[in-house]
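Report on one structure; see the data block that follows.
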Amino acid sequence: MPELPEVEIARRNLVRWLDAHRVVKAEADDTRIFRGAERAAFARLKGRVESLERRGKYLLFTFEAGRGLLAHLGMTGKFVRRTQEQVQPHSRARFHLEDGAVLHFADPRLFGRMEPVPAAQLRALAAVQSLGRDPLVDGLTGPQLAEAVGPSKQALKVALMDQGRLAGLGNIHAAEALFRAGLHPARVPGSLTPEEWKRLARAIHATIAFGLKEQEGEEPVYLEDRGAVNLFRVYGRAGEPCSKCKAPVESFTQAGRTTHVCPQCQPLGAQRPGPKRTPGR
DNA sequence: TGACCCCTGGCC
DNA sequence: GGCCAGGGGTCA
């Protein structure tokens, strides 16, 4: 699914496409990607895109004339560039460019979201305001991670995916970062040492960098959609031997999501993952 | 704070 | 043919 690296790749592609050619026409189908937002306002987006920012998994478009768009790819959304003749399955919204190309927002499951708003209001939207630190945009050190995630009473992985604490990590990259850091997803955030926070911050950066490197290119193919090729270290590998120690990778459910973990490389240790335990530090 | 919901392609 | 996947919003 689109998490921080996938959305960042989408942003880079869009910048490249939209820098070169203005939008001459925007149109969108009547689908639930607009939720409560005004679909007619989407059709008024045109001209040059002055800036395109990413915060967590959100894209913030600023068009000329003060028009703006907040976009979220949901779980299956992607932006692709096609010719006018090419048919794009599940196309929900389109930008027609002056060179004749068409940028489609394609989203089979309709979990994505488009919200046209005046550009001046983009940053004030609740969805954007409530986002925590973005590792790529804001940087992320061990102490900063500890400050953002440490106070959470939720399991470590659940807290990492809390967009209000840290913006951009989803189920896959959170699991991968924890594996790289050798930390169990069920650890209590308050129990991590400064050294562990540092390791985790580094692991998050490494996971994001890997995702960016693997997915750079014109056509988005999400890592988990690459057929038999699983490039992840633990995600989707339940029952397989761990790439480091050969112990079988395990999976369990946390907050309704599947978590993958190597019990050897990511020991839970002596800590009781039980509730209410005042964080030691 | 957690359970549920949306939605459909892909896989068993 | 049925179940699973899950980001994020909503609700109890």
Side-chain angles (χ1 to χ4, degrees), chain A residues 1-11 29-37 54-60 70-80 87-93 105-115 117 125-132 134-135 149 151-178 185-186 188-190 208 211 220-232 234-240 249 251-260 273-277 279:
Chain A
M1 350 268 106
E3 299 182 22
L4 191 155
E6 290 77 14
V7 182
E8 176 62 19
I9 294 292
R11 190 191 70 83
D29 303 334
D30 185 14
T31 67
R32 51 173 249 116
I33 62 169
F34 287 97
R35 310 294 196 277
R54 182 192 53 75
R55 299 284 321 177
K57 302 173 197 171
Y58 284 94
L59 290 170
L60 288 68
L70 179 72
H72 193 290
L73 303 180
M75 291 176 51
T76 51
K78 55 177 71 170
F79 283 98
V80 295
V87 176
Q88 174 58 41
H90 310 298
S91 174
R92 312 300 186 187
F105 175 68
D107 183 8
R109 294 189 209 177
L110 296 169
F111 279 33
R113 185 175 143 198
M114 294 280 168
E115 187 171 353
V117 293
L125 292 173
V128 178
Q129 275 284 310
S130 64
L131 291 174
D134 182 301
V149 179
S152 174
K153 299 287 188 286
Q154 295 181 297
L156 182 56
K157 169 159 165 288
V158 178
L160 284 177
M161 295 194 302
D162 181 342
Q163 303 299 300
R165 296 187 179 277
L166 193 63
L169 289 189
N171 195 41
I172 296 174
H173 292 293
E176 292 293 295
L178 286 167
V188 176
I208 291 171
V221 181
Y222 296 139
L223 292 179
E224 71 276 17
D225 291 335
R226 303 213 181 157
V229 187
N230 180 350
L231 294 170
F232 300 117
V234 283
Y235 180 83
R237 295 194 181 277
E240 296 179 29
V249 171
S251 72
F252 64 104
T253 300
Q254 272 184 310
R257 306 266 122 92
T258 307
T259 290
H260 295 84
K276 348 275 110 68
R277 170 155 277 254

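Note on naming: letters A, B, ... go to the chains in the order of the sequence lines (proteins, then strands), and numbering restarts at 1 for each one.
- A/Glu6 and A/His173 share a side-chain donor-acceptor pair at under 3.5 Å.
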Evaluation steps, side chain to side chain contact (heavy atoms under 4.5 Å, CB included), between A/Lys57 and A/Leu4:
CA-CA 6 Å; A/Lys57 302 173 197 171; A/Leu4 191 155; 5.7 Å; no
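- For C/dA5, the OP1/OP2 oxygens have a side-chain nitrogen or oxygen of A/Thr258 closer than 4.0 Å.
- In this model, the phosphate group of B/dT8 is not approached by any side-chain N or O of A/His90 to a distance below 4.0 Å at OP1 or OP2.
- The separation between A/Arg165 atom CZ and C/dG8 atom P is 16 Å, rounded to whole Å.
- Between the C1' atom of C/dG6 and the CD atom of A/Gln254 lies a distance of 14 Å, rounded to the nearest Å.
- The distance between atom CG of A/Leu131 and atom P of C/dG7, rounded to the nearest whole Å, is 15 Å.
- Within the 4.0 Å cut-off from OP1 or OP2 of C/dG7, not a single side-chain nitrogen or oxygen of A/Arg109 is found.
- The phosphate of B/dT1 has neither OP1 nor OP2 within less than 4.0 Å of any side-chain N or O from A/Lys153.
- As rounded to whole Å, 10 Å separates atom P of C/dA5 from atom CG of A/Asn171.
- The backbone N or O of A/Val149 lies less than 3.5 Å from no partner atom in the side chain of A/Arg165, so there is not a single donor-acceptor pair.
- In this structure a side-chain-to-backbone donor-acceptor pair under 3.5 Å is missing from A/Asp107 to A/Ser91.
- Rounded to an integer number of Å, the gap from CZ of A/Arg32 to P of B/dC5 is 14 Å.
- Ring orientation note: the planes of A/Phe79 and A/Phe105 are tilted relative to one another, at an angle of 30° to 60°.
- At least one side-chain nitrogen or oxygen of A/Tyr235 sits closer than 4.0 Å to the OP1 or OP2 atom of C/dG6.
- Atom P of nucleotide C/dG7 and atom CG of A/Asp162 are separated by 13 Å, given to the nearest angstrom.
- For C/dG8, the base is not stacked against the aromatic ring of A/Phe111, per a cut-off of 5.5 Å between centres and 30° between planes.
- With hydrogens and angles left out, the side chain of A/Arg35 and the base of C/dG9 share no donor-acceptor pair within 3.5 Å.
- For A/Leu110, the listed nucleotide lying nearest its side chain is B/dC7; candidates were C/dG8, B/dG9, B/dC7.
- Following rounding to the nearest Å, A/Leu70 (CG) and C/dG9 (P) show an atom-to-atom distance of 10 Å.
- One cannot find a donor-acceptor pair under 3.5 Å joining the base of C/dA5 and the side-chain atoms of A/Arg257.
- The side chain of A/Gln154 has B/dG2 as its nearest neighbour among B/dT8, C/dG8, B/dG2.
- Atom CD in A/Gln163 sits about 15 Å away from atom P in C/dG6, given to the nearest Å.
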